[in-house]
Amino acid sequence: MSPLLFSPFKLRALELPNRIVVSPMAQYSAVDGLAGEWHLMHLGNLSVSGAGLFIIEATSVERDARLSPGDLGLWSEAHEAALRPIIAFCRKHGTARIGLQLQHAGRKGSVNLAWQGQKDIPIDAGGWEITGADEIAYPGRPKPRKLDAPRIQALLQSYADAAKRADNLGIDLLEIHAAHGYLLHNFLSPLSNQRSDEFGASSAGRMKFVLAVFEAVRNAWPEQKPLGVRISATDWVDGGWDIDDSVELAARLKALGCDYITASSGGTVPEQKIEVKPNYQVPFAERIRRDAGIATMAVGLITEPRQAEDILAQERADLIAIGRGILYNPRWPWHAAAALGATAAYPPQYERSHPSMRRGDFLKARRDA
Ligand SMILES: Cc1cc2nc3c(=O)[nH]c(=O)nc-3n(C[C@H](O)[C@H](O)[C@H](O)COP(=O)(O)O)c2cc1C
């Protein structure tokens with residue numbers, strides 16, 4: 001039987017040629033949110049990796065939604081224009097379908113780059129005012145401004161506008177980032193949302209903003225194109241957001257037309273207790289898939305082809321996202337195909353690197369053809 005990892009998967013009108021997804025990974029290499037040459041190399045490379053889909057990094061829907069000054073953005077036409085030639089390159093040379101993640105960093109925003117330590121950038125040093133679900137600071141960070149009703153409405157419009165720009169660019173799939181302690185997750189977690197209005201007060205109230213963002217994006221995004229949500233399935237802290245909440249949220253998102261959930265975890269508070277090991281987040285993808293009846297993407301320390309295949313074979317998830325493993329080895333899908341006895345897409349320029357074509361067989365095959 002052919003491996004499941006290399007079987008197609010359909011999300012609305014989008015057919016993915018296999019189940020390997022390159023997880024969104026911030027590159028902190030944009031200038032004023034504009035994509036540049038690093039993105040051309042990085043995304044161009046992913047487009048010829050043999051993965052079925054790559055998801056462009058967390059992309060800010062407003063200037064002040066950024067985590068760092070290097071974050072990618074899609075809050076203006078100039079941002080759309082900067083991404084256009086890069087997407088065109090990926091389409092021309094690669095086969096991977098193209099996703100993009102929409103992001104607001106919330107109370108974690110206005111810090112310097114990951115490799116500079118993610119330290120506070122004060123406003124008078126080029127930083128920006130950070131906003132959150134509530135006036136509760138991430139430990140050690142400044143207090144965010146609590147979003148009021150007009151700002152919430154404006155933000156919903158920014159999400160919708162960014163979705164339209166992504167569509168103009170021909171992006172195939174959108175993912176809403178509602179994980180890792182950023183703005184949407186701030187609203188969900190009782191540790192960062194103690195509001196008493198309609199966007200807090202109860203578990204249903206805390207979910208309301210995420211559902212509103214989802215609806216705003218779904219309405220702005222073409223019917224035939226898939227839309228998923230990445231969540232932190234648990235805060236890994238007693239009294240925090242947990243997997244039961246996640247199943248409930250996933251069911252509500254599904255009712256609004258959500259196509260898949262990516263089950264990540266953590267990020268709300270530094271006291272989280274996570275035992276990081278292979279497949280450590282897969283039980284969340286499995287629970288959500290089973291109990292909310294929605295497709296899931298598993299992510300987190302999935303590094304081996306057989307490991308990925310087993311997750312699919314055991315019906316624990318529908319898609320496998322690979323993050324660091326694909327930065328380390330951008331040909332992971334080729335190697336997985338070789339290990340599992342399947343085929344993955346190669347650009348013609350690299351065809352001769354295929355193990356079966358290395359010792360002259362390639363030239364012979366060409367001569368005989
Ligand atoms: C450099 C880097 C940047 C990341 N940026 C994002 C991001 O933009 N959005 C997101 O949801 N997750 C982000 N993540 C998390 C990854 O998508 C992934 O969930 C995580 O690395 C676990 O998967 P892995 O063990 O396969 O790397 C990032 C991870 C890394 C290593």
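Numbering of ligands and ligand atoms starts at 1, following listing order.
Residue contacts with ligand 1: L301 is placed with a nitrogen or oxygen under 3.5 Å of a nitrogen or oxygen of the ligand (distance criterion only). Between S264 and ligand 1, no N or O atom pair is found at a separation short of 3.5 Å. Checked by distance only, ligand 1 and E57 stay at 3.5 Å or farther apart across all their nitrogen or oxygen atoms.
Between W332 and P305, the closest heavy-atom pair is CZ2-N, 3.7 Å. The heavy-atom pair separating I86 from A35 by the smallest distance is CD1-CB, 3.7 Å.
Looking at atom 13 (C) of ligand 1, its nearest protein heavy atom turns out to be P24 O, 3.1 Å. Among protein heavy atoms, the minimum distance from atom 26 (O) of ligand 1 is reached at G323 N, 2.8 Å. The protein heavy atom nearest to atom 19 (O) of ligand 1 is R230 NH1, 2.9 Å. Looking only at protein heavy atoms, the nearest one to atom 18 (C) of ligand 1 is S23 OG, 3.7 Å. Nearest protein neighbour of atom 30 (C) of ligand 1, counting heavy atoms only, is M25 CG, 3.8 Å.
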Exercise. Would you please test T268 and R107 for side chain to side chain contact (heavy atoms under 4.5 Å, CB included) and show each step?
Key: CA-CA 10 Å; T268 289; R107 67 181 191 162; 4.0 Å; yes
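Between the side chains of T262 and E175, at least one donor N or O lies within less than 3.5 Å of an accepting N or O. In the model, W241 has a side-chain atom that pairs as donor or acceptor with a side-chain atom of S246 under 3.5 Å. For N219 and E215, the side-chain atoms include no donor-acceptor pair closer than 3.5 Å.
Short contacts between ligand 1 and H180, defined as distances under 4.0 Å to a heavy atom of the residue, involve ligand atoms 10 (C), 11 (O), 12 (N). Set against the non-hydrogen atoms of V299, the atoms of ligand 1 under 4.0 Å away are 18 (C), 19 (O), 23 (O). Ligand-side atoms of ligand 1 in range of A26: 1 (C), 3 (C), 4 (C), 5 (N), 6 (C), 7 (C), 8 (O), range being under 4.0 angstrom from any heavy atom. Each of the following atoms of ligand 1 lies closer than 4.0 Å to a heavy atom of G300: 22 (C), 23 (O), 25 (O). If you number the atoms of ligand 1 from 1 as listed, the ones under 4.0 Å from a heavy atom of A58 come out as 8 (O). Against a heavy-atom cut-off of under 4.0 Å, Q101 is close to the following atoms of ligand 1: 7 (C), 8 (O), 9 (N), 10 (C), 11 (O).
Each of H104, R63, E62 was checked for a side-chain hydrogen bond (donor to acceptor under 3.5 Å, both in side chains) with S158, and the lone residue meeting it is E62.
Ring pair H177/H180 is perpendicular by interplanar angle, where above 60° counts as perpendicular and below 30° as parallel.
Here the side chain of T296 pairs no donor or acceptor atom with the backbone of I261 at under 3.5 angstrom.
Y182 carries K108 over the face of its six-membered ring, with the cationic atom under 6.0 Å from the centre and within 45° of the normal.
Evaluated by nearest non-hydrogen atom to atom 27 (O) of ligand 1, the leading choice among R324, M297, Q281 is R324.
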